[in-house]
Every structure is written in structure tokens, then in C-alpha cells.
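Written below as C-alpha cells is the structure these notes are about.
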Amino acid sequence: MNRISFFFFAAQIVFLLFSGAPAQPNAAETVTIIRAGRLFDSEQGVFLPARDIRVKGNLIEAVGENLPVPDGAKVIDLRSLTVLPGLIDAHTHLLYLENPKGDLSTEGIKAVTMEGTALRALRGAARGRTFLLAGITTVRDLGNSGRFGDVALRTAINEGSVDGPRMYVSGPGLSSEGGQFPGLQFDYRHIAEEEYRIIRGVEDARNAVRENATYGANTIKIYSNNTPNPTFLSMEEMRAIVAEAHLLGMKVAAHATNDLAVKRAVEAGVDSVEHAYQVTDETLKLMKEKGVAMVPTDADLQTFKFFIEQSGRPSMTEEQIANILKPQRDRLLRAVNAGVTIVAGSDMYINMQKPQGEAAKRVLFAYFQAGMKPVQILQSATINGARLLNNQRIGAVKAGAFADIIAVEGNPEADFNSIEKVKFVMKNGRVYLEDK
């Protein structure tokens with residue numbers, strides 16, 4: 001190997017270390033034995049009785065009953081708790097927070113022109129820690145982060161500069177003209193281009209994927225329709241994006257809010273559809289056939305009620321709110337019954353005046369209120385998310401997986417509220433919360 005080849009090889013190793021996988025703990029770290037009172041097997045969708053988990057470094061070495069304790073091993077007693085894989089939120093915006101009284105244009109333009117990428121990344125780091133402490137150990141962050149502020153935050157987390165969840169990041173979302181800034185005047189269209197990658201033709205679509213990949217993205221976000229603006233990406237543009245992303249080993253997530261946008265995105269070959277607030281049974285059947293996951297970014301009763309109160313809109317009764325939420329709940333159950341894979345994603349970018357991770361986790365209660373079973377919900381936030389992210393080492397507590405482990409007080413199968421009572425969080429073999 002000559003000098004140039006050596007440095008090229010070294011550069012590739014550095015890239016791999018900081019582009020997706022968290023920095024690895026020292027392999028000589030002490031072995032840890034975790035005693036679980038109850039363990040959720042996400043792959044089988046069942047709760048198992050008492051199990052022991054042996055962790056070495058950042059990996060789970062073994063899961064079983066009455067595992068021996070090696071000399072010098074640390075023992076963590078969680079026998080009074082239910083142990084789960086670290087949760088996965090597949091639709092976040094850590095670098096964006098919106099005032100309930102604002103709107104996408106005014107708040108988004110303010111983020112670009114007055115907050116700036118550096119400050120957004122610092123604030124994103126603080127929000128990321130709240131996700132971690134809420135038991136969400138992995139997120140897929142889908143744009144609204146300026147020009148690669150999400151990549152910077154992921155790098156800081158991976159190198160240990162700040163605490164936060166494992167991050168999959170998209171960089172700027174790929175959109176048709178204007179992004180999601182309705183009312184923006186033509187002379188100021190460059191502001192939208194600071195937040196979105198505006199696509200102008202098929203070749204530009206391919207190049208946009210290459211840009212995002214080059215500058216650190218490891219997933220791609222597109223706007224099939226860019227609501228509240230009225231336009232769509234063309235089918236040719238979306239197909240080009242999907243082909244280029246898949247060539248580079250990246251999955252494609254599509255913002256799509258109505259049935260036409262969902263159907264077009266599915267036909268273009270995307271891997272997941274975000275939101276899908278309006279979708280027909282015919283399109284759900286197509287999603288099932290093509291293996292396209294749905295990420296329903298729904299609101300639960302508590303969240304919607306708080307939003308109404310804080311936004312200054314006329315007050316509503318719980319019955320009125322339930323009637324508004326009924327269509328999204330019905331379409332979620334239709335998707336479940338159609339066999340579409342559901343992956344949990346919060347899209348929680350509204351300031352709910354609580355830690356953002358806790359606010360994001362309320363999306364699981366939206367699924368519960370819609371009628372999904374606790375086990376189905378937990379799978380949507382663990383193994384289903386892991387499969388969408390194409391990472392076999394997250395989303396499950398098993399030998400060979402990353403040691404992303406949380407514990408809650410109570411039994412989520414019998415009392416779903418227990419998922420809010422997080423008492424223990426380990427990510428990548430490091431304990432971030434131990435409140436027994």
C-alpha cells in the first residue's frame with residue numbers, strides 16, 4: 001500500500017466512524033449483567049418472564065435465564081421493571097421547534113434567517129438529550145435543519161461531545177418550488193433554498209441525492225406533495241431520486257399527506273410514506289404489495305387539546321377533538337388491517353412546554369387511542385423501525401445487538417401508561433438514566 005492509498009484508506013475509516021455508527025466504547029470495559037423482571041421480545045411480539053442480559057462494551061453478548069456473573073462484572077437489578085429495546089422515533093426534527101401560535105412560513109423563515117444553523121444545532125443537542133432520557137435511543141431526523149445541521153449534530157453525538165440518540169439524518173428535504181413556505185414572495189425564494197433542496201428536473205433530482213450523500217446524509221427525504229404549498233414532485237423526479245438513493249444504499253422517506261401524493265410516492269418506489277392522513281384502501285393495498293411502510297405522525301387527545309389551548313384557537317370539548325381525530329384513527333386501523341407495516345414517528349416540532357422527547361412519545365398514545373394493541377405499538381417503535389432503517393443491531397434485545405436497553409415501571413401490555421415511567425436508559429452500552 002503506497003502513501004496515497006494508505007491515507008485514502010484511513011479517510012474511509014474516519015468516514016465510516018462518523019457517518020452513522022456511534023463511536024465504540026473500549027472493548028476492555030467491564031461486563032454488565034442486567035437482571036430484567038420482564039423482557040419484551042420485539043421480534044416475536046411477546047413479553048417474556050425474568051431474563052438476564054449480558055452486555056460487553058456496546059454489544060449484547062447473551063440473553064437468557066440465570067446467566068452466570070463473571071468476576072468483576074457489574075450487576076444492574078431491574079427485576080421490578082419491564083425491560084424493552086431502546087425506542088425508535090422514525091420522524092423527528094431536532095433542529096426545529098415551532099411556536100403553537102405560529103405557522104410553517106413565519107416560524108421556518110425565522111429559523112433560517114434569525115436562528116441560524118449553529119444555534120439550531122446547539123438547541124437540537126439539548127432536545128436530543130430529552131429524547132434519550134425518554135427512552136428513545138434512535139431517531140430518523142427528516143430535514144428542517146438548515147444545510148446539514150443534522151449531520152453536525154449526529155457527528156457531535158457519535159464522537160461523544162454531546163449526549164443524544166443514535167441519528168439517521170436526511171440533510172435538506174428534496175422538494176418542488178417553495179418548499180413548505182406558503183406566501184413566500186418570488187424575490188425571496190432563496191430563503192426556502194436554505195431549508196429545502198429545491199428540485200428542478202430529473203438530472204437535478206439525481207444530483208440532489210448525490211449532494212446529500214456527499215455531505216453526510218444517510219437517508220433521503222422527499223416531498224411527494226409539499227403541503228401547505230400546492231405542488232408535487234414529478235413521477236420522473238421521484239423515480240430518479242429513488243433509483244439514485246437505492247444505488248447508494250439509502251432509504252427514501254416521502255412526505256405525502258393526501259391519497260394522490262401517497263399513491264404517486266409508492267409507485268415511485270419509496271421505502272416509507274410519512275403522514276398519509278388521507279389514503280384509500282386501494283392505496284393501502286398497493287403499499288402492502290410493495291412493502292412500503294407507513295409512518296403515521298398522529299396526535300393523541302392530550303397533545304391536540306394542549307395545542308388548541310396554546311395556539312389561541314377557540315376552545316373545544318374532548319368530544320369535538322375526538323371527532324376531529326377520528327378520520328386519522330380510522331385510517332390507521334385500516335392500514336393495520338391491510339397488513340401495512342406501521343413504524344412509529346412523532347413529527348413533534350411544536351413547543352409543547354415539556355421536554356421534547358416526552359412530547360414526541362405521545363404519538364404512541366395516539367396509536368393506542370386509535371385501537372392498536374400495545375404489542376403492535378411497541379413493535380412499531382422498535383423492530384419495525386429497525387427494519388425500515390435496515391439496521392439489524394437495533395430494535396431488539398438479543399445477542400449481537402447494540403446495547404440499547406430501557407426499562408419502565410409497570411407492564412405496558414396491561415397498563416400502556418407505564419411507557420411514560422422510564423427508569424433506566426442504556427444506549428450503546430452506556431447508562432444515561434438509572435432511577436430505580
Side-chain angles (χ1 to χ4, degrees), residues 82 84 87-94 96-104 107 127-136 139 165 257 274-277 294-333 335-336 342-382 385 406 408-423 425 433:
T82 298
L84 310 160
L87 302 179
I88 300 169
D89 187 335
H91 192 123
T92 66
H93 299 287
L94 295 186
Y96 181 74
L97 191 66
E98 189 173 298
N99 187 320
K101 295 182 180 179
D103 58 63
L104 275 171
E107 293 293 303
R127 293 179 200 124
R129 180 171 173 79
T130 71
F131 277 73
L132 189 58
L133 296 180
I136 299 168
V139 302
T257 57
E274 318 297 303
H275 317 305
Y277 297 126
M294 177 190 286
V295 183
T297 57
D298 296 354
D300 73 301
L301 189 63
Q302 180 188 109
T303 299
F304 196 90
K305 183 177 180 181
F306 184 85
F307 173 76
I308 292 295
E309 292 170 353
Q310 295 299 311
S311 65
R313 291 171 172 80
S315 61
M316 298 175 129
T317 65
E318 288 197 2
E319 183 179 0
Q320 289 173 318
I321 294 173
N323 287 335
I324 290 174
L325 296 178
K326 188 177 186 302
Q328 75 175 27
R329 293 174 175 178
D330 289 347
R331 77 85 170 73
L332 177 55
L333 286 188
V336 171
I342 304 299
V343 176
S346 66
D347 194 26
M348 179 46 69
Y349 59 84
I350 302 294
N351 186 350
M352 302 299 292
Q353 298 184 17
K354 64 165 63 173
Q356 204 68 7
E358 293 180 14
K361 202 160 62 173
R362 293 298 305 181
V363 72
L364 303 182
F365 288 88
Y367 303 164
F368 183 74
Q369 291 167 8
M372 283 182 68
K373 298 175 181 178
V375 163
Q376 293 175 317
I377 298 168
L378 292 174
Q379 286 184 306
S380 79
T382 53
I406 69 171
V408 300
E409 184 179 359
N411 179 358
E413 193 169 28
D415 177 14
F416 197 66
N417 290 312
S418 66
I419 65 167
E420 291 203 300
K421 302 172 185 176
V422 177
K423 299 297 181 179
V425 175
L433 175 67

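Since the structure is predicted, the reported quantities are computational estimates derived from the model, not experimental observations. We're numbering straight along the sequence, starting at 1.
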Exercise. What pairs with S315 under side chain to side chain contact (heavy atoms under 4.5 Å, CB included), at least two apart in sequence or on another chain?
Worked result: none
Seminar exercise, completed: ring-ring contact (aromatic ring centres under 6.0 Å, His included) pairs touching residues 345-366, sequence neighbours excluded, are Y96-Y349, F365-F416
Exercise. Residues two or more places apart in sequence or in another chain: which of them pass side chain to side chain contact (heavy atoms under 4.5 Å, CB included) with A344?
Worked result: L364, Y367, S380, A381
Problem set entry | Residues forming a side chain to side chain contact (heavy atoms under 4.5 Å, CB included) with I350, sequence neighbours excluded | E98, P100, F307, M348, M352
For this session: Report the residues that fulfil salt bridge (Lys or Arg N to Asp or Glu O under 4.0 Å) with D103, sequence neighbours left out, ordered by chain and then residue number.
Result: none
Exercise. Knowing that exactly one of R331, H275, H91 qualifies, which makes a side chain to side chain contact (heavy atoms under 4.5 Å, CB included) with P296?
Worked result: R331
Problem set entry | Pairs involving residues 302-312, ordered by first then second residue, that meet salt bridge (charged side-chain N to carboxylate O under 4.0 Å, His left out) (sequence neighbours left out) | K305-E318
Problem set entry | E358 side chain to P355 backbone, donor-acceptor under 3.5 Å | no
Exercise. Can you name the residues that form a salt bridge (Lys or Arg N to Asp or Glu O under 4.0 Å) with E107, not counting sequence neighbours?
Worked result: K110
Exercise. Which pairs with one or both residues in residues 359-374 pass salt bridge (charged side-chain N to carboxylate O under 4.0 Å, His left out), sequence neighbours excluded?
Worked result: D300-R362, R362-E420
Problem set entry | Listed partners of Q356 passing side chain to side chain donor-acceptor pair (under 3.5 Å), at least two apart | none
Exercise. For I308, which residues count as a side chain to side chain contact (heavy atoms under 4.5 Å, CB included) partner, sequence neighbours excluded?
Worked result: F304, R313, M316
Exercise. Among pairs that include at least one residue of residues 321-330, which meet side-chain hydrogen bond (donor to acceptor under 3.5 Å, both in side chains), considering only residues two or more places apart or in two chains?
Worked result: K326-D330, R329-Q369
For this session: Quick one: list whatever passes side chain to side chain donor-acceptor pair (under 3.5 Å) with T82, sequence neighbours left out.
Result: R38
